[in-house]
Structure formats: C-alpha cells, structure tokens
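In what follows, a single structure is set out as structure tokens and then discussed.
Every chain is numbered from 1, with letters handed out A, B, ... down the list of sequences.
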2 protein chains.
Amino acid sequence: MGPEEFRRAGHELVDWVADFRSGVAEHPVRSRVAPGDVARALPGAAPEQPEPLEALIADLEAVVVPGLTHVQHPSNFAWFPSNASLASVLGDLVAGGLGALGLSWQSAPALTELEQVVCDWARRLCGLSGAWQGTIGDGASTATLVALLVARERASGGSQRSGGLQACPAPLTVYCSADAHSSVTKAALLAGYGVANLRLVPVCQPGREMDTRALASLLGADQDAGRRPAAIVATSGTTATTAFDPLPEICALAKSYGAYVHVDAAMAGSAMLLPECRHLFEGIEEADSLCWNPHKWLGSILETSLLYTRDPAGLVGVMATDPSYLRSSRDGTVVQYRDWGLPLGRRFRALRLWALLRLEGAEAIRARLRRDLDNAQRLAALVGRTAGWSLLSPVQLQTLCLRHHPQGCDGEALDRHTLAWCEAVNASGRAHLTPALLDGRWMVRVSIGAEGTEWEHVEALWALMQAAAQASS
Amino acid sequence: MGPEEFRRAGHELVDWVADFRSGVAEHPVRSRVAPGDVARALPGAAPEQPEPLEALIADLEAVVVPGLTHVQHPSNFAWFPSNASLASVLGDLVAGGLGALGLSWQSAPALTELEQVVCDWARRLCGLSGAWQGTIGDGASTATLVALLVARERASGGSQRSGGLQACPAPLTVYCSADAHSSVTKAALLAGYGVANLRLVPVCQPGREMDTRALASLLGADQDAGRRPAAIVATSGTTATTAFDPLPEICALAKSYGAYVHVDAAMAGSAMLLPECRHLFEGIEEADSLCWNPHKWLGSILETSLLYTRDPAGLVGVMATDPSYLRSSRDGTVVQYRDWGLPLGRRFRALRLWALLRLEGAEAIRARLRRDLDNAQRLAALVGRTAGWSLLSPVQLQTLCLRHHPQGCDGEALDRHTLAWCEAVNASGRAHLTPALLDGRWMVRVSIGAEGTEWEHVEALWALMQAAAQASS
C-alpha cells in the first residue's frame, strides 16, 4: 500500500476509531457471541485480490465489534482496568508508521534512547530512586519469568553457562504469597524450579498480605533441609484483593538468605504516582527488580510493561548474546535492550507511553487515578452501610471485593447466589464484573478505573448489583 | 484524550506518517546520531501539563526521525527485511482503537477467533497441512524458548509438575546447527539445559546446512553416555546465509531418539507462500513446531510471529494456568491463547496480518516476494562475473553473502578491507549492509527485500559497493 492510499484509508479509520470510542458505552460490555460465531462469519482463506477498505470496515462492524467485550466501556469493572488511552494509540500509530526495528542501539538509536528516557520519566513520577533502570516488555508474566531466571542464575552461580539447572546440586526454591498472581507459579515452573520447590506462603487476615512469619519458617526449613532459597516474589496489589505484601520484612529476610526479591506491582504500580499511596510500597528500594504495567490503570495501550532492575549487569549477564551480525562499533557504550529480556527485536514501544505522558500531562493522569480511588471509597461506604452486603477486604486501591448474603444462605448455596447475581449483571450488558475465589468461596470483584468511568457509572452499577442480588435471592 | 481531540490529532498524524513514508528515501539509511544524542535532546522528566500535538511532532522530526536507521528505506539491505506495510499499520491502528484485552476467549472472543482464522489463512498460503494450529507471538526468540520448554517437559515427563529440571536424573540435550540463530543458544540456556548440553552441529559446505551425519554421531554419543536428547532446532533459512537444514533426515533422527523438532523459519517462512520454494521446506510436516515471522519479509509490522504446533495439548499442558478470576462458562470449548505461550494478556495482534492480507491480497504479496528473489539472482549474476568479487554461499533466497578480494589481500587484512568498504557504504547514508562472520572471517550480507526495493536500488547498491571496495583497496 502506497503512502497516498494509506493517507486516504488512515483518515477513514481514524474517524472510525473516534466514532467507535464516542459510542463505546452503547455496546453491551460483555460480548454476546457464542464460541465459533466470529470464525464462522469469516472466509476460510485469505483473498487472492486486494479488498477495498470498506469490506474490512464492514467486517469490523458486523463481526469484530460485537465479538468483543468492551474493556474501554465506562461500565467495565471486570479484571483490572486496561485503559487504551487515545493519546497512547496515537503514539503507537507513529511507531507503526516509522517502522523502526529495535535489534540493537545501532539499528534504532532513538527507539533505544527514548525507551531509556521514558522509563526514567516513569521512575521519577513514581518517586523511585535513581538506582533503578528500566525497560519496556509485553507484560508482567514475562517480567516475572525474567526475574526468576535472573534469580536462578544468581543462586546457582550461573548454571546456564555450564551444566544448566539440571546439574544444580542443591534444589533452588521460590516463595510467593498464596494470593500471588497465577503467572508467578507459571514463571517458576517454566524457569525449571518445579512446583515442589515453590512455596505459596499463607496470607494474614484481614489484609491478605503475605505472612512474613510463615515466610521465615519456610525459608528456615528449606535451608535446614539443604535447599537454597533463590527468590521471593512479593506482590504489591494482588489480583484478587489488591493486597500489599510487607516489603521491608520480605527484603530483610531475603537479604539474610541471599535470595532475590522481585516485586509484582503490575496493576498497583500506577498508584506510586500518588504521593499519598507511596506508603503502600514502603521498602521497595530494597528489592532487586520490580514490574508495573502502565497498560493497566495508567492508560498506555497493551504491551507496555515496565521492568526495573537495580542490577542491569546481572540481567544482561543472563540474557546477553553477541552474534556477529549484530555487532557494531558502539557496543559497550550503549544500552542493548535485546540483552534486557527475552525478545531480540522490538517495536518502538516507548512512543505509546511518551505520547500518553506528553499529551495528557502527569497532573491530569494523577487526577484521574484519584477520581477512581475516591469512587472506590464512595462505593465502599454505600456497600458498608447496606444490609446483606459485605466487603471482604480493605479497599486500599480501586478494587472492592464483596458478597451479598441472603439470610440463611451460605456454603455452596451462597456460591451459587454470588455467581448468579454476578452473571445477571454481566448478561445485562450494562456492566461487567469478575467473580473470583477467596479462601475457596466465590466473591465478586468491582474493579473501578476504566478511563471513562465516572461516579454516575459506579452508582448505576450499585443499583444494578442490588437489583440482581435481590432477584436471585 | 477525548474522541474528538483524537480525531483531529489522528488526521494530522496519518498525514505525518504518509509524508514520512513518501520521503523515507531522502533520509540517510543509517542514523548518524552518536550515543546519547537522542536522550540529551529530551527533557529529564514528564511534563505536568499536557503539551500540544505540535510539540510532539516537532520532536519526532528533530530528534526521532534523525535518530533512526530507516529499515523502510528502499536501500536498506541490512539484517533481514523488516517491512512495516502501511496496510498492516492500519490494522494495528484499529487494534489500538478497539483497545481489546486478550486475557481469555471470554474477554475478547473476536480477538481469539480472528487469531485462529488468520493463523489458518497463513497456514493455507504456506501449503502446510491442517495438522498445524497457530498462534501469534512477539518473535522467534520467544517461539524457540516456548518450543524448548515444551521439549524439556516432554523429555522429562513433566518435571515442572514435580521437582523441576533440577530433579531430572538424566541430563537433557539440545541440538542445532552451528549457523543457527543466537536466540537458539539463548533459549536453551534460559530453559535451563545449560551450555554443556547444547550441541552446535557442524554444517556442510558449500550450502552450510546442518551435517546430519555429525548430528547422528552426537545423538548416539549422548545417548550412550546416559544423556537424553530432548530437542533438535532445525533452521530453514539461517541468518548468515539463508541455509536450509535437511528436515527429512533431522526428523527421522529425532523420531528414533524421541526428540522434539522445532523449525526456525523466522525469515524464510514467507517463501512458503511460493510453490516454487516449497522444496526448501521438504519434510516440515514431520516437525513438532515451527515459527515464521510475517513481520520480516511479508510485511506485517513487528511482533507478528507465527508459532505453529502439531500438538496443542502438549503446548497447553506446559503453559496453562487456571486462576479463578479468569474462569468462564466457555472453558473447555474454546481456545485460550494465554495457555499457548508466555504472556497472559495480549493485544489484538491478528488485525495487523488480517489487514495486510486483505488490503494487499495474496497475489500481490507473492509477486513482491518473487521480485526480490529475482533481484537477488540478478545481483548474484553481476557479482559472479565481476573480477575480485565472490559469492560465499548459494543464493537460495533473497540474501547474498559476498566478499571483495583485492589481489594478495587475505586473513586479517582481508577482514579489515571487508569491514572498511562495508562501513564506507553505510557511512554514505545511501545504503545499509550488515557484515557478519563466516567461519571466523568477515563477509558482507546483502539482504534484499524492503518493500520499496526495486532493481534500480539494487543496481545503485552494486555501483556503491564497487566504488567503496575500490577506494579502500
């Protein structure tokens, strides 16, 4: 496609996107398609001849849009926010247009240096010290895997450079809270530790933060049994309840056992932009690495995940390769991001976040985050004073965990009731919520923070939830 | 940013991108900035107040564009093609605009099913059988890592579900050609095998394909020594010379040792679209998994890497997690791509490739690939009949490996000469080439296939190379 055809089609699609976003609240939040509907509506083979843009747009409207659950909808309260700010979409459009190839500093100096600059901007906004250096990856799952690989190599004295993990004499162990994200287990398994060497540390009540006395016992028992504690993954803002593991105690224990500490702040990291929330992250300066995703609450589009390390040399030592076709006279004097993670080539990822921060400005972003925290507290107050409803954990951020208890309803009957009213809300198309298990029983999460969510949407949700719970009682 | 502001800014940036692409040939191919230039030109902190779009555009023009090596330039012959077709940029613009969140089928049914559909379109275009099922990842490095993790778990009987690789009794071994991409070594190391258990199999001359007699000896020796051959990574189109490892023999050996076969066709996979090239991939149907990157020669923008497997259940068995907050009533009846690789959440990746295939049509894409193959043969003919120049390997695809030999110049003097004339070409800004090592000596790769590269650009390169070689002799 030539530039002039792109110009024409691009204008049309920009209008299409603007119209879609203007009307996003008119769609049901949760898609109503059944499995296979989308695939059946599309031909089985690519066309031989070019199709007009109109054909593509027709399919977007008839097949794709109805086939999506709209997380940009102001009444999306499911999972965690996944804000694709339009400012960030513009940055990504430029990235695609430039078509830069991040293989090495030399292949795209501005791609590399803008990533350094933007990671540093984000670090300063978070109040993190200059000891942290960052890179942008696709998500927290990958960041945790990278961290656990670095920890594995540190604890094994660089096993990959000899016989590998399979030649490691003492079993290496990993620790995380029982409420840590499933990606921590996945990362530990993929890094080769084995589920038998992964310890899910119990949590305290009611805050559901990691019980550091239990952690201390597990570390001690493992060391006594000849195992070697390699890494602790602390979560700042768990998925179920946004609990914050106590970093000072965790980092102190890690230090005494020589273990690596990775902080998974995938969702909650955005709260570091707010000075009044930084106490939740106290002790983070003692960790070895941390990940937070501006593609969640902050508003950068997906696959903008920040991984910060205090030891770039340690990271590079595990990830570096040096093929001749990528060598250049600048080696040794520049950052080579291919040695900071799993992929070799990268897109111009920094532009998404750069455009967001410049076109919105930090002040407006902080104001939006505060709006969401405030809406969460207002809803919590309503829930707290309504008979039959209960909050299951402290509302530290923008997520509420709650249940409705009809009189005399508990155990599996309560589970059925919870899932029924939640499903009724979701089936209405007027809002979307995620149920989750807490200590083996279902509850419902209300995760506030879509970019367009104002108090009126939260209020409407509350009315909808009450009506649904009433109807299913 | 609201939809109307996006509309206005989007139109402006579409025009900016169209203008940039129209004029891309006017920039020096290789960036002339020095390390730190880009970072120094930008402020040290994010702005508090929003900036106008014009400020961003000014920095794009003054800082970013001069800070890039332009792989979309028609005289870019470095690395491998990295075509960011404008049709694909449009698909990605829609992806950003929709802001869909691929956590599960339920969170974005159309994102999941369009990925299935497009992977199947690409499979059919390649002439691959219906036994393959695909997914879209970020790149071949990740695909190889995924493959070697699956192979590790197959060979160890699912070690991750118990004591991990560290509890594995017999060392697991991995094989690839000495010319395999550096990402294979990286993946084997990260998967925990250890460099001591990675065998770099010698290559044959002159084709530089894996020597399968050497492979057979290594497999036999490892098995005799109590090690367990876990995986062979075969390359279809190596980075240095686009050599093709012999898949029938490799797969037969793998079968007799119970080893997994992954095919890395990252660059060359696009050639499967051409029936006349399919003989190069003979035997591929016997492999376990294969990766090719439409983001290279085909034209989809970056991070469109196809990973196909013949055993989705085996892949899912290694990658799956099942957190309660992601469960839905559709589980078991739909594909959950989070269980097909490393990341949990994903962008709407399929749109890039969908838009490319629909707006360009398969016929035009094949014609472009054939143009590049033809240009490579034409250049090879010129080089072959010019005194002092030699081709170092058969030109099987669109990459030439060559040297200029001044009389009496060899060894390190020849290396210096090679690097000098290549650097002179690159410093001119009029073309860009990558030097690489072949058997310990430098040569220069001419990788033809940027979307805009016509014969006139190749001819101009040839004149430039001859002049540069002459001048440095």
Side-chain angles (χ1 to χ4, degrees), chain A residues 1 3 6-7 10 14 17-18 21-22 35 38-39 42 46 48-51 64 67-68 71-72 82 84 86-87 89 92 96-97 99-101 109-110 113 117 121 139 141 160 163-166 168 182 186 189 192-194 196 302 321 323-325 334 343-344 347 357-358 361 363 436-437, chain B residues 1 3 6-7 10 14 17-18 21-22 35 38-39 42 46 48-51 64 67-68 71-72 82 84 86-87 89 92 96-97 99-101 109-110 113 117 121 139 141 160 163-166 168 182 186 189 192-194 196 302 321 323-325 334 343-344 347 357-358 361 363 436-437:
Chain A
M1 174 179 283
F6 169 81
R7 193 188 303 270
V14 162
V17 167
R21 286 290 184 102
S22 298
V38 170
L42 299 169
E48 279 296 305
Q49 300 303 322
E51 294 185 62
V64 173
L68 290 177
V71 295
Q72 307 308 321
S82 179
L86 288 168
V89 173
D92 211 41
L101 172 62
E113 295 193 13
V117 166
W121 285 12
S141 296
Q160 68 176 6
L165 187 58
Q166 39 192 356
C168 211
S182 59
K186 180 168 174 171
L189 267 52
Y193 292 94
L302 275 177
T321 58
S324 65
Y325 41 85
V334 291
L344 168 57
R347 287 165 65 109
L357 293 172
R358 293 188 67 176
E363 196 175 286
L437 287 168
Chain B
M1 174 177 285
F6 168 81
R7 193 189 302 272
V14 162
V17 167
R21 286 293 184 102
S22 297
V38 170
L42 299 169
E48 278 296 305
Q49 300 303 322
E51 294 185 61
V64 173
L68 290 177
V71 296
Q72 308 307 321
S82 179
L86 288 168
V89 172
D92 210 42
L101 173 62
E113 296 194 12
V117 166
W121 285 12
S141 296
Q160 68 176 8
L165 187 59
Q166 38 192 357
C168 212
S182 58
K186 180 168 176 173
L189 266 53
Y193 293 93
L302 274 177
T321 58
S324 65
Y325 41 85
V334 291
L344 168 56
R347 290 165 64 110
L357 294 172
R358 292 188 66 176
E363 196 175 287
L437 287 169

If you take all heavy atoms of B:Val17 and A:Phe6, which pair is closest and at what distance? CG1-CE2, 3.5 Å
Looking at A:Gln166 and B:Tyr193, would you say the former's side chain and the latter's main chain have a donor-acceptor pair under 3.5 Å? yes
List in chain and number order the residues that pass side-chain hydrogen bond (donor to acceptor under 3.5 Å, both in side chains) with A:Gln72, two or more places apart in sequence or in another chain; answer none if no residue qualifies. none
Can you list everything that forms a side-chain hydrogen bond (donor to acceptor under 3.5 Å, both in side chains) with A:Arg347? Sequence neighbours excluded, please. A:Asp92, B:Asp92
Would you mind checking which part of A:Leu42 comes under 4.5 Å of any heavy atom in chain B, side chain (CB onward), backbone (N, CA, C, O), both or neither? side chain
Smallest separation among heavy atoms of B:Leu68 and A:Ala100, with atom names: CD2-CB, 3.8 Å
Let me know if A:Val64 has heavy atoms under 4.5 Å from chain B in its side chain, its backbone, both or neither. both
What heavy-atom pair brings A:Gly99 and B:Ala84 nearest, and what distance separates the two atoms? CA-CB, 3.8 Å
Test item: B:Glu113 side-chain N/O and A:Ala39 main-chain N/O as donor-acceptor pair under 3.5 Å: yes
If every non-hydrogen atom of B:Arg21 is compared with every non-hydrogen atom of A:Gly97, which pair is closest and at what distance? NE-O, 2.7 Å
At a heavy-atom distance under 4.5 Å, which candidate from B:Ala87, B:Ser22, B:Ala46, B:Gly10 has the highest pair count against chain A? B:Ala46
Most contact-rich option vs chain A, by heavy-atom pairs under 4.5 angstrom, among B:Gly96, B:Gly192, B:Ser82, is B:Gly192
Name the member of A:Arg358, A:Lys186, A:Arg7 that forms the most heavy-atom pairs with chain B at distances under 4.5 Å. A:Arg358
Based on non-hydrogen pairs under 4.5 Å, which of B:Pro109, B:Ala196, B:Ser141 is most in contact with chain A? B:Pro109
